[in-house]
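Counting starts at 1 for both ligands and their atoms, following the listed order. Count residues from 1 along the sequence.
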Amino acid sequence: MTSLLDILAEADRLPTVTLDGGDDGGEQPTGPWGLVIGVRAESGRPVVVDPHARLDPATREALTGSLETLAEDWKGVAVIVAAPAGSLYDFFTLTALDDADPAADATVRLRRAAGSAARASTRVAALTFALPVDSAAEVRAIIEGALLGGYSYPGIHRPGADASTLRTVQIDVIVGSTQADDADVTAAIVAARSTRLARTLIDLPPNLLYPSSFAKVAEELAGAEGLDVHIRDADALRAEGFGGLIGVGQGSEHEPALVRVDYVPEAPARAHLAFVGKGITYDAGGINLKLSEQDYMNFDMSGAAAVLAAVLACARLRLPVRVTAWMALAENVPSGTSQRPSDVITLFDGTTVEVRDTDAEGRLVLADAIVAATAEHPDIVVDIATLTGAQQIGLGDRVSALMANDDNLAHDLAGLATSADERVWRMPLTVDLAEGLRSRVADIANKADRPGGMLTAALFLEHFVSRAEHVPRWAHLDICGPAINRKKPYGFTPLGGTGVGGRTLLALAQHVSG
Ligand code: MN
Ligand code: MN
């Protein structure tokens, strides 16, 4: 059995990325070499866009002609066209620069176009991106799109199986006169790497990735970056009174864990951010067993994957901001030792909770972790979780929900998430709905009526934020729908775990860093 770290290392094998500002086309690669060219509509007809003059007139004409024969709905897709004899390249990847989404600015469109191109260009040795760029941000977006679109989950295979055809791919981005430099390349690679890590963690099966093995992975990866890692196992959680994590995890042979990864910059920290992630490695619902839709329920640790990915990225970029990531890990399954509906448990801050529904478990483990996080008096707390099916019903699979106790933080996060192409929509913390969480037998119940289920879950968390000695600026991201792509790949997003949220958290840390 390959170890988790081996699988993660394979998924982390990245192509080399170089910036190409000259006309010489760089070094000739040994193997299939593709040139990525943009396509845009002009007067309703597709035309090739060649800002760097990489095509000779005859080739440009041939490509323009081949566009006519492409699928009618060519927007948002990328296609491969064989290069004519005598060309420097073996093939061209034509990728659509137009996007029907009015929220997508040029940077977002380029990231998507590069992602579609990389996804379409299988079995290549090198790809050169000759897309129109005007800024360093757009160059970073192309690199991110290329590395994210080129990602695929390596899977678990028998020893010796020739499963991976992953080869060294070289990505050259033609930058023209933009001010992009090596620091931009590094920033883009680190951002893409973090999303790829989160995707791999999400796609790992729950019999291999469970709380203690997830904690070990975090310890290894964070340890390699020199970060301080502290793991509370079930004994420590019980002794210290983390009743949410213990209650949710007590039905499983895999005991719960709370992992804290702390990045303290060498330079004076401009602020202290705490990222708290829901890490249910499998959610069967517990005694309130889910009657359907149990497939993909290993994705319920996507929030924990995002916060781990984000803190690693902040450390790799040496951002002058302190980031503490908290991963609340448990498996929620039914058994004779599981917590029951009607149980009353005591969370880390002493609040008693009536467990009305064991399938509303994420907020129990998150509340424990949020209390532990706020006790360190961070300036900002952001929690991220595949928290409610109501989020998916309300906003679908492409837009996450954002709730916050601070308008400026909400505004910043929404903008940063849009730029990262991890869109969010702000939802209200409507106080009147909190009445539904009143309990006759405990301080609060873990579930209210069905209407507004996304909001009452957030109100439950806010109860714990607002009781902190120093109430931080706080935001809550419910990523239930966008965390996993069940339908078909698009842009830079593959099937399976999307890794959504991690680059938004990284962008917040970069924003706070100034
Ligand atoms: Mn659940
Ligand atoms: Mn869940």
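- Within a 6.0 Å sphere centred on CZ of Arg398, other residues, nucleotides and ligands contribute 12 heavy atoms or fewer.
- Sorted by first and then second residue, the pairs that involve residues 477-487 and meet salt bridge (charged side-chain N to carboxylate O under 4.0 Å, His left out), not counting sequence neighbours, are Asp397-Lys487.
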Quick one: side chains of residues 501-514, donor-acceptor pairs under 3.5 Å with protein atoms, not counting sequence neighbours, listed by atom name and distance.
from: Arg503; atom 1: NE; to: Thr195; atom 2: OG1; distance (Å): 3.1
from: Arg503; atom 1: NH1; to: Glu144; atom 2: OE1; distance (Å): 3.3
from: Arg503; atom 1: NH1; to: Ala420; atom 2: O; distance (Å): 2.9
from: Arg503; atom 1: NH2; to: Ala420; atom 2: O; distance (Å): 3.0
from: Thr504; atom 1: OG1; to: Glu422; atom 2: OE1; distance (Å): 2.6
from: His511; atom 1: NE2; to: Asp412; atom 2: OD2; distance (Å): 3.4
from: Ser513; atom 1: OG; to: Ala509; atom 2: O; distance (Å): 2.6

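- A salt bridge does not link Lys278 to Asp383: none of the charged nitrogens lies less than 4.0 Å from a carboxylate oxygen.
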Identify each donor-acceptor pair in which a side-chain atom of residues 452-463 lies under 3.5 Å from a protein atom, sequence neighbours left out, and give them as a table.
from: Thr456; atom 1: OG1; to: Gly452; atom 2: O; distance (Å): 3.3
from: Thr456; atom 1: OG1; to: Gly453; atom 2: O; distance (Å): 3.3

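- A salt bridge is absent between Asp12 and Arg196: the closest approach of a Lys/Arg side-chain nitrogen to an acidic carboxylate oxygen does not fall below 4.0 angstrom.
- Annotation: protein N, O or S atoms under 2.8 Å of the Mn ion (ligand 1) (waters excluded) comprise Asp283 OD2, Asp359 O, Asp359 OD1, Glu361 OE1.
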